[in-house]
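Quick notes on the structure that follows.
All chains are named by letter (A, B, ...) in the order of the sequence lines, taking the proteins before the strands, and each is independently numbered beginning at 1.
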Amino acid sequence: MRIVEVEAYIGTDDLASHARVGRTHRNEVMFGPPGMAYVYLVYGMYHCLNVVTEPSGRAAAVLIRAAEPVAGLDAMRAARAGHAPRRRARGELVAPAIAAVRLASGPGVLCAALSIDRTATGIDLLDPDSLLRLELPREPLAEARIGASPRIGIGYAPEPWRSQPWRLFDRASASVSGPAARRG
DNA sequence: GCAAGGATATCG
DNA sequence: GATATCCTTGCA
């Protein structure tokens, strides 16, 4: 997977972050060492994957919102089919094939495609032996390709947090989440 | 435009 | 112990 969209959540002062309520059982890993996975359940049915980014004691993480598949498309489609709550509720056995660029074009579906749930919390994403891991690109993305916008789904946060342009994405990628307008 | 869905933070 | 709320998604 090539990550193409992320959001930053920085510190207990960030009133859009789960860390805003202080250290709890759910967000505890955010207060620990960087490089760890933080996965939570949202809206009762989707998981969101975050990477802890700051040293112990400072609670910060980057939410992985979307990625472009590079391999394993069939496995991802199978995983997506198994995590389709609505279709399953309606008793539909066959789901239409999902286009490759849409397989992980959102934080919830990304976790579904990779079969990530809360049990992945605490995985060391920098350990080459981990089942789930982060790798650096051979070359950084050209700056002109990086778009920025306010973060999604945090309307509950007061200013200035609501408007901080802490959602970053690859303008050239068709796998960025949301309508075309949101992709810069 | 909105329902589905369950954990969780907060309040009693 | 109850309940309002939520870093989403896909269909009406």
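The distance from atom CG of A/D117 to atom P of B/dG5 is 19 Å, rounded to the nearest whole Å. Between A/L63 atom CG and C/dT8 atom C1' there is a gap of 11 Å when expressed in whole angstrom units. For the pair A/H83 NE2 and C/dT8 P, the interatomic distance rounds to 18 Å; values are reported in whole Å. Whole-Å rounding puts the A/L110 CG to C/dG10 C1' distance at 17 Å. Atom OH of A/Y40 is separated from atom P of B/dA9 by 13 Å (rounded to the nearest Å). Rounded to whole Å, atom P of C/dT9 lies 7 Å from atom OH of A/Y46. The nearest whole Å value for the distance from the CD1 atom in A/I152 to the P atom in C/dT9 is 10 Å.
If you take atom P in C/dT5 and the same atom in B/dG12, they sit 14 Å apart, rounded to whole Å. The separation of B/dA7 from C/dG10, taken at their C1' atoms, amounts to 22 Å, rounded to a whole angstrom.
The backbone N or O of A/R20 sits nowhere less than 3.5 Å from a side-chain atom of A/D14 that would complete a donor-acceptor pair. Using a distance-only test at 3.5 Å, with no hydrogens or angles considered, a donor-acceptor pair links the side chain of A/T121 to the main chain of A/V39.
Closest to the A/M45 side chain, of the nucleotides B/dA4, C/dT8, C/dG10, is B/dA4. Here the side chain of A/V42 is nearest to one of C/dT8, B/dA7, C/dG10, namely C/dT8.
Grouping Ile, Leu, Val, Met, Phe, Trp and Tyr by side-chain contacts under 4.5 Å, direct or through others, puts A/L15 with A/I10, A/W161, A/W166.
Place A/R118 and A/Y43 on DNA chain B by their nearest nucleotides, and A/Y43 ends up nearer the 5' end.
Just one of A/S175, A/S105, A/S173, A/S177 meets the side chain to side chain donor-acceptor pair (under 3.5 Å) condition when paired with A/E5; it is A/S177.
Remark: A/I123 CD1 to A/L134 CG distance equals 11.5 Å, nearest 0.5 Å. Between A/I154 atom CD1 and A/E7 atom CD the span is 7.0 Å, to the nearest 0.5 Å. Between A/L125 atom CG and A/L49 atom CG the span is 6.5 Å, to the nearest 0.5 Å. Separation of atoms CD1 (A/I98) and CE (A/M76) is listed at 11.5 Å; rounding is to 0.5 Å.
Between A/R65 and C/dT8 there is a side-chain N or O to OP1 or OP2 distance below 4.0 Å.
Cation-pi geometry between A/R182 and A/F169 is not satisfied (NZ or CZ under 6.0 Å from the ring centre, within 45° of the ring normal).
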Dot-bracket encoding of pairs in DNA chain C, which uses [ ] for pseudoknotted crossings and | for another strand, Watson-Crick or G-U under 3.5 angstrom
||||||.||||.
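Among the protein residues, A/R80 comes within range of the sugar-phosphate backbone only, with heavy atoms under 4.0 Å from sugar or phosphate atoms but none that close to a base. At a threshold of 4.0 angstrom between heavy atoms, the contacts of A/G108 are confined to the sugar-phosphate backbone, with no base atom among them. Within the 4.0 angstrom heavy-atom criterion, only backbone atoms of the sugar-phosphate kind lie near A/I154; the bases stay farther away.
Among all heavy-atom pairs drawn from A/M30 and A/S17, the shortest one is CE-OG, 3.7 Å.
Looking at residues 6-27 of chain A, you'll see A/V21, A/T24, A/R26 sit with a heavy atom under 4.0 Å from some atom of DNA chain B.
No donor-acceptor contact under 3.5 Å links the side chain of A/Y156 to the base of C/dC6.
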